[in-house]
Each structure stands twice: as structure tokens, then as C-alpha cells.
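Reading through the C-alpha cells given below for one structure.
Just so it is clear: chains get the letters A, B, ... in the order the sequence lines come, proteins before strands, and each one is counted from 1.
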Amino acid sequence: MPPSLFLEQILNGVQFGLMLFLLAAGLTLVFGIMDMINLAHGSLYMIGAYLTATFVGLTGVFWLGVLLAVVGTALIGMLLEFSILRQLYKRDHLSQVLATFALILIINEVVRIIWGSQPLLLSAPEGLSGPIEILPGLNYSAFRLTIIAVGLVVAVGLFLLVNNTRVGMWLRAGASNREMAQAMGVPIKPLFTLLFGVGAALCAIAGAFLGPILAVQVGMGESILILAFVVIVIGGIGSIKGALVGALLVGIVDTAGRAFLPLLLSQVASPEVASNLGPALASILIYLLMAVVLFFKPQGLFPART
Amino acid sequence: MRYGPILLLLGLLLAFPPIASATGLEFYTGLLTKLMIFALAAGSLNLILGYGGMVSFGHAAYFGVGAYTAAILAREGVSSAWVIWPVALALSGLLAFLIGAVCLRTRGVYFIMITLAFAQMIYFLVVSFKQYGGEDGLRARRPDFGLFELSDTTLYYLTLAVLAAVLYGLYRLVNSRFGRVLQAIRENESRTAAIGYPVYRFQLVAFVIAGVLAGLAGVLMAHYTEYASPNLLAWQQSGHLMMMVILGGVGQFWGGVLGAATLLLVEEILQDLTLYWQLGVGLILLLVVLFAPRGLAGLLRRRAG
Amino acid sequence: MSLLVIEHLTKQFGGLLAVNDCNLSVEVGEIHALIGPNGAGKTTLINQISGAQRPTKGRIRFDGHEITHLPQHQRVRLGLARTFQITNLFRSYTVLENLELAVQARSGSSFRFWSPVKREKALREEAEQIAEMLGLTPRNHTPAAQLSHGEQRQLEVGLALACKPKLLLLDEPMAGMGPEESGQMVELIDRLSQSVTILLVEHDMDAVFRLARRISVLVYGQVIASGPPEAIRANPEVHKAYLGDDPGGQHP
């Protein structure tokens, strides 16, 4: 296998992992702080992608479209929290799963009503559509590189926010011990609404940048949502660091597994077996990873609660 | 249990097919078959979720594996139901045993997520086998029972008989020693362990029973549609089954049946009315969760009491 | 003869030594009290004896069996039952239903799926006897959640008692009780001690000194003294660590 192909797949894995991290970060904080399972988190990602496609179409400027979409999705996220999700914090996990599952159905249909059932076209900005040579002999998509850069910038920003600001301190306190945070006088209700807004904005960024690579269509939120859950369970619920490590792990294992596992198998097994088993194994690799992690560390790699 | 209404319902269901075919409403015989199959699947989930307090988000795995086993065996030339049924039930039971043995070591959110992860594994594993249809699913002729031919009508009666037998069995089970312990674990796990019950073993047995019954529903589903669809295995299907249980009433004996019947009927009606029927389903479900947390059976009971 | 022998028992949570090389033995027929300041590791010790937690190091022997690695339900079968410091009942079940569950656990297999458990007269009758002994008969059909605090604490003991133990582990049975309720509990424990060995964790020193035949003092996860009440009361180390530096003070 040529090393350049290997490097390219690893970069793809990192790029996907960083976008997963944007989804997982919001999810893990909501999960860790409010002990709330929000299946509708993936719907915000979908809304982000649709809004981006719409605003880019309207304004003709990719970055402006993204900005508008991020703001719009954040507002929608806060509205959801304020109107519905807030009722669910005190309920059991079963009710949360069901209510947010219902939200998925509702949002999917609303999106279908507004935008129709056909996938939307969202293309990468023109200046970034070609490949660039990052190493001698290795061409890599400029847009994917941009995604990695955006992902890193947002990740660093998030870490600064969580570790160096007052709001971040509240968030960390809430994630490790909610009663304590309340007792310390942390303004829980507005904090939660704000948190949902931030989570939604992160979803929108992921949706805006994955949209041109994957497809902008109804149902796009669900498949990635489950990956995001795998990420936070591997990383440890409530831990931002865990979300980052888990996301990169899942991104790289998934991408590399799909690229290399069939190749590897064809070395040791007959082509027929390899072509059948390869994709099957590759697609379950991350779930296997999660089961193994949970078996040895039932609280994930970086448990936030003590 | 009051037997009057049950016998009345049973009588109506027994008399339904001939009346339907006399009045040209055969469609509804099929619909009722589907309702009963989902009632069976939801009932099995209600055993672990409602009575056992185990929020499994991967119940579609056993449902789908039952269906796929039936379809794959048929594709491979096995025509006798007397082979297909035991193999399908044994496989879904074995799967539930393996998955349950791992998952039941975790609690709370982790249990929900790991059951989901295992179900996803099964889903991707099944759709990756191209010779069995991959994402298109697998057509499967109905099997041979020897005693009778499996027409739409006999399938209806077979499903009715299976459902009635399973419900009676579940009724005995939840009122037996085992059922009492299972519910005690849901009420207070640490105390149940402290008075000397091996909690894990009880939960695992219940998990396997529920898996086998879901597999049974899957087999019937494959016979009903003459087709095994990957949708039966998808995580949305697990959500769908959970919706039925919560709609009907978690841990209420008739919860699974009531929920399956109501949800499927509502879906059927909404599909006739609008293209965007899932919007209606979502809204109804959201309202039920927010305002009637004990489900329809809970509402009925409150009315009656 | 020793019923329970604990040797070098250690429990570590992360960097914290909750129980540190602890040695303790309980003789057949005695009421053995375990006292110590908050955070001394008393409940952690009870959790390990009952099997709810596994020790990091050390051994536990009970009635001639090595039980260090036995699961909780097998320990109960050997005759080891516990109560909880924070009341831990089946709250929506009635008094009788609570007790029946415990009786059922030791009378035959519970992997029976068919016959209705409500028709098992023997379970019901035994539960009624235990309720009578606890003085809860008038409350037989009241859900546990609706009992008074004192009654809940009695049912808490009753659930352990229904396991027919040889050794009863009582984790602060008087917690949160007023004087009158405490008096009843002391009476109950005194009566029980005629038929069962008791390891009593308690903060109420009046009760401890009235009931205990022997007392062990746990400080920082270690037993620093063990002996008859008079010896413990006179032990200067115990005073320094726990009873307050005032020999012959407020405690009788």
C-alpha cells in the first residue's frame, strides 16, 4: 500500500473525527450536566446543513451562509430547550428517549415540508474545491483541509471556554456534581438554555462542513447521531476531553477500517470471503470498539463524575 | 384478570376473517395480522422494559434476526416450518443471551447505549451480506406446516393462536415467583440483591425470554410479508417498539398490545390522510410522554378506578 | 467460637484507603458493636462483609467458609443478612409484600415461571409471623412508603431477619430516630439477640453500651481497640480518637 494513500485515509479520519467531536461535545455536556438523553441532537445537525444550503444559495457567499446558519440553528436549539426539552430534565431516561425520538420524527417531517424530499445541493466554496499538494507527491482536498482547520480552531476555542471562563467553570462543576453546582448558586436555567444554543451552533458547524461531503438530506442526523453517542460513551459521559479522544478514535477507526480492512482480508482469505466480510467487519468496527471499551472501563475512558 | 372482555375480544377476532371476506374487507384481516405480530413484539419488550426496568434500545435485533433466519433458511431450501421455527427461536435466544450477558453488566444510560450499539452491529452485519439481499432485503416464500397451508387466513389464525398463548404465558410469568422477583429488581435492585437473589441471573433469563418472543414475532413477520427487510433491524424499529410500549403503558400487562394496536392504527389512518403522517405520530407521542407518562393503560385504569 | 473473622481487610477507592488492614472477629451469640467517627469506614466494611463491594486485599471467613469472593446472594444463603443505613425498602410494596419477597428468597427456587405466587400460603404465613414479631401487624397492608420513619426502620430490620440469618449486620438501625422509637429498636434488637448473632454499627452510644457484649472501635479504616464495654470506656486511645477527651464524661 502506498504511504500517501495511508496518510490520506488518516487525514480523512481526523477530518471526520473533528466534525464528530463538534456534535459529541454538545451532546456530552447536555448528557453529563443534565443527565438528559437528547436524540434530537442529530436533528440540529440536519437543520444546520439545510440552513447552510439555503443561506449559501441566497447570499452566494459560502462563509456568510455558514455564519447565518450557525446563528439560526443556535436560536432554534435554544427555542427547543425553552419550549420542550426543559420539561424532560426531571423525567427518567425512557421518557427522554421517547420524547426526543418523537422530536426527530417531527423535525424530519417539517424539514421535508419546507425543503422537499430531494437531497439539497451544497457544494464546497469554489476556491477550495480543488486539491492542493501538502507534501511532495501527496495531493489532498483543500476543502477537507479547511474542515480540519475549522475543527481544530473550534476545538481549541471550546477548551478555552470550558477551562478558562466562568461559564466553563460552571459547566465543569455541573458535569461532575449537579447538586453542588446548584448549591454554589450557579444560574442553572439560563445556563442550560445557553448550553443548548452552543451545542446547536456546534452541530450547525458540523452540518455546514460535512454537507458538501456527505449529502444534505432528511435522515442525515440519525446515522451520525448514533456515532456521536458511541463517541461520548467511549470517551466518558460529560468529559470534553473524552469526547475529543473518542471522536478522533471513532473517526480514524471507521475511516481506516473501511479503507483498509477489505484490503487486509484479501491478503489472508479468498477474494469472495474478503469482499463479503471486509465491509461487514469495517462497519461494525466502532461498535466493537465501544463494547470493548465498556467491558474494561464501564464508565468510558475519561469518566467525568467521581 | 377479568375474563369477560378478553373472551369477547377473542370471539370477535376468531369471527373476523369470514366476516371480512364476506363483506370484501380482506385488507383488514392482513392489517389485524400485522397488529397482532407487533403486539407480540411489543409485549416481549414490555416484559424487560416494563416489568424488569431494563431499557433496551436494541430490541429490533431479535425481531429482525427471527425474520432473517426464517427468510435465509427459506432461501437455502428449507421449507418445513418445523425446522425454521425452532432454529429461528434458538438463534434469537442465543443472541439475546450473548448480548444480555455483556450489557447487563452496565447500568443506566450505558445500558441503553450498549444495547443500541449491539443492535447496530447486527444491522450492519446483516445488510453487508450481499447474497442475502444486502440493503434490499430478502424475499422468502412461506414455509410448509404439513398440517395446513399457510394462506393469509390461516396465518391470521396462527398469529392469533401464538399471541393468545404467549400472552397467557406472560400473564402466568409476571404473577409467578420469577415475575415477582423481576419486578422487585426494578423497584429496588440493591435490596433485592441484599435479601439473597442473584439479580444478574434473573435479568438475563428475562432478557433471553424477551429475545425469543421477539424472534417469534420476527418469524411471523417474515411469513406475513414474505420478505425480510433490513428495516426490521434498524434502530428506528427499536424506537418504534419502545413507542408502542410507552404509549400503551410501561409495565401494565396490556401495555404492549394496546400500544401496538393504537400506534399502528394511528399510523394507518394518518397515512391515508397525509403524506406527512410521521409529523402526526411524533406529535401524539410527544404529547403522551409529556402528559400521560403511564400510557393508555394507565389512563384507562384511572378512568375505571 | 468465631462466626465471622476478618483478616487484613483493605478497600481502596482511587487513592483513598477507606478500610485499611482491618482485623475483626465476631463470636457466636454476641452483640458486637462497631463504633467510630463519621468516615471511619464502617459502611464500607459492612458492604464488604455482605458482598455488595469487593475488598482490595484481605480475607473474610464466615461460619467456616471462605467468603471473600462469594457473590452476595450466596452469602445470604450461608446466613449473612444486612440492613441499610439509609432505609432501603420496596417502597410501593406493602409490609407483607416486602417480607414475603425476603421469605421467598430462601424457600425454594425462584426460577418458577408458572404458578401464581400469591397462592403460596406458606410464604404469606411466615411473613405474617415476622410482621407480628416486629409489631407491624396493624400495618400489614400499608405500602412501605407510607409507614412512619420508625416503622420503616423496623421493617428494614425485618427484611434482613426474614432471611433467617446466623449473623445480622445492622447498619445504624437507630439513624434519625427520636428517643421513643430508639427505645423500641433497642428492645427489638435485644430480643433478636437471643436467637441470632449481631454486628451492630451505631452512633447512639446509649444504645451501644446497653446492648453490646463487645465493642470494636474503627478509626481511619482500622480497628484500634476491641473488647468489653468497660474496657473500651476506659481505653484512653479510644477517648482521644473518638469518645471525646473526657474519661467518665457524658456517656454512661
Side-chain angles (χ1 to χ4, degrees), chain A residues 31-32 35-37 39 84 87-88 91-110 112-113 117 218-219 222-223 225-227 229-230 232-234 237 272 275-295 298-300, chain B residues 49-50 53-55 57 99 102-103 105-114 116-132 134 234-236 238-240 242-247 250 274-291 293 295:
Chain A
F31 218 0
D35 199 24
M36 152 102 187
I37 304 185
L39 297 183
I84 295 168
Q87 325 283 328
L88 296 167
R91 304 285 295 277
D92 57 0
H93 289 138
L94 184 61
S95 307
Q96 295 169 351
V97 166
L98 262 294
T100 52
F101 189 85
L103 275 180
I104 293 184
L105 297 180
I106 295 170
I107 294 174
N108 277 349
E109 288 294 31
V110 171
R112 227 177 253 137
I113 290 169
S117 308
V218 172
E222 280 113 279
S223 42
L225 168 82
I226 295 188
L227 287 185
F229 270 115
V230 170
I232 67 174
V233 168
I234 287 177
I237 290 169
E272 197 197 343
S275 72
N276 253 322
L277 208 57
L281 278 181
S283 57
I284 66 169
L285 216 49
I286 52 165
Y287 300 105
L288 228 52
L289 179 71
M290 166 167 156
V292 170
V293 167
L294 279 191
F295 191 80
Q299 304 278 311
Chain B
L49 196 156
M54 295 170 256
V55 184
F57 202 170
I99 292 180
V102 176
C103 297
R105 298 190 182 281
T106 64
R107 289 285 172 267
V109 171
Y110 289 94
F111 180 79
I112 301 179
M113 297 323 298
I114 196 170
L116 173 63
F118 273 109
Q120 287 295 99
M121 266 193 239
I122 304 295
Y123 171 84
F124 285 118
L125 213 55
V126 169
V127 298
S128 67
F129 284 101
K130 298 285 174 278
Q131 69 267 44
Y132 295 127
W235 75 279
Q236 286 91 341
S238 296
H240 201 213
M242 279 168 82
M243 270 160 72
M244 292 174 183
V245 173
I246 214 172
L247 187 65
V250 179
T274 163
L275 198 59
Y276 305 110
W277 57 278
Q278 291 201 38
L279 183 62
V281 173
L283 284 173
I284 291 172
L285 186 67
L286 190 61
L287 291 176
V288 167
V289 175
L290 290 179
F291 300 112

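- With a threshold of 4.5 angstrom between heavy atoms, B/Ile112 approaches chain A through side-chain atoms but not through N, CA, C or O.
- Of the two parts of B/Val55, only the side chain, counted from C-beta on, holds a non-hydrogen atom closer than 4.5 Å to a non-hydrogen atom of chain A.
- For chain A, the option among B/Val288, B/Ile284, B/Leu283, B/Leu247 with the highest count of heavy-atom pairs below 4.5 Å is B/Leu283.
- Your options are B/Arg105, B/Met242, B/Lys130, and the one with the most heavy-atom pairs under 4.5 Å with chain A is B/Met242.
- In this structure, no portion of B/Val245 lies under 4.5 Å from any heavy atom of chain A.
- Under the rule for a salt bridge (charged side-chain N to carboxylate O under 4.0 Å, His left out), the partners of B/Arg107 that lie at least two apart in sequence or sit in another chain are B/Glu189.
- Looking at every heavy atom in both residues, A/Ala291 comes nearest to B/Phe118 through CB-CZ, 3.9 Å.
- Only the side chain of B/Ile246 has a heavy atom closer than 4.5 Å to any heavy atom of chain A.
- Under the side-chain contact (heavy atoms from CB on, under 4.5 Å) criterion, A/Val292 pairs with A/Phe296, sequence neighbours left out.
- Rounded to the nearest 0.5 Å, atoms CD (B/Gln236) and CD1 (A/Ile104) are 8.0 Å apart.
- Among the candidates B/Gly239, B/Gly282, B/Gly280, the residue making the largest number of heavy-atom pairs closer than 4.5 Å to chain A is B/Gly282.
- Rounding to the nearest 0.5 Å places OG of A/Ser117 at 6.0 Å from OH of B/Tyr276.
- Rounding to the nearest 0.5 Å places OH of A/Tyr287 at 12.0 Å from CD1 of B/Ile122.
- Each of B/Val109, B/Leu125, B/Leu286 has some count of heavy-atom pairs under 4.5 Å with chain A, and the biggest count is that of B/Val109.
- For chain B, no part of A/Leu281 is nearby; none of its heavy atoms comes within less than 4.5 Å.
- In this structure, the portion of A/Leu39 lying under 4.5 Å from any heavy atom of chain B is its side chain and not its backbone.
- Chain A forms the most heavy-atom pairs under 4.5 Å with one residue out of B/Thr106, B/Ile114, B/Val127, and that residue is B/Ile114.
- Taking CD from B/Gln120 and CZ from A/Phe229, the interatomic distance works out to 12.0 Å, rounded to the nearest 0.5 Å.
- Side chain of B/Tyr110 to main chain of A/Val233: no donor-acceptor pair is present (N/O by atom type, distance under 3.5 Å, no hydrogens or angles).
- Your options are B/Phe57, B/Trp277, B/Phe124, and the one with the most heavy-atom pairs under 4.5 Å with chain A is B/Phe124.
- Contacts between A/Gln96 and chain B at a heavy-atom distance below 4.5 Å are absent for every atom of the residue.
- Listed for the A/Arg112 side chain is no donor-acceptor partner under 3.5 Å among the backbone atoms of B/Leu275.
- Within the 4.5 Å cutoff, the side chain of A/Arg91 has heavy atoms near those of the B/Val289 side chain.
- Here the straight-line distance linking atom CE of A/Met290 with atom CE of B/Met121 works out to 8.0 Å at 0.5 Å rounding.
- Residues A/Leu98 and B/Leu285 form a side-chain contact, since some pair of their non-hydrogen atoms from C-beta on lies under 4.5 Å apart.
- Side chains of A/Leu105 and B/Met243 form a contact here, defined as non-hydrogen atoms less than 4.5 Å apart.
- Listed for the A/Glu109 side chain is a donor-acceptor partner under 3.5 Å among the backbone atoms of B/Gln278.
- B/Tyr123 does not touch chain A: none of its heavy atoms, backbone or side chain, sits under 4.5 Å away.
- Contacts between A/Ile106 and chain B at a heavy-atom distance below 4.5 Å involve backbone atoms as well as side-chain atoms.
- When side chains are defined from C-beta on, A/Leu88 counts as touching B/Leu290, because their heavy atoms get closer than 4.5 Å.
- Neither the backbone nor the side chain of A/Leu285 comes within contact range of chain B; no heavy atom of the residue lies under 4.5 Å from a heavy atom of that chain.
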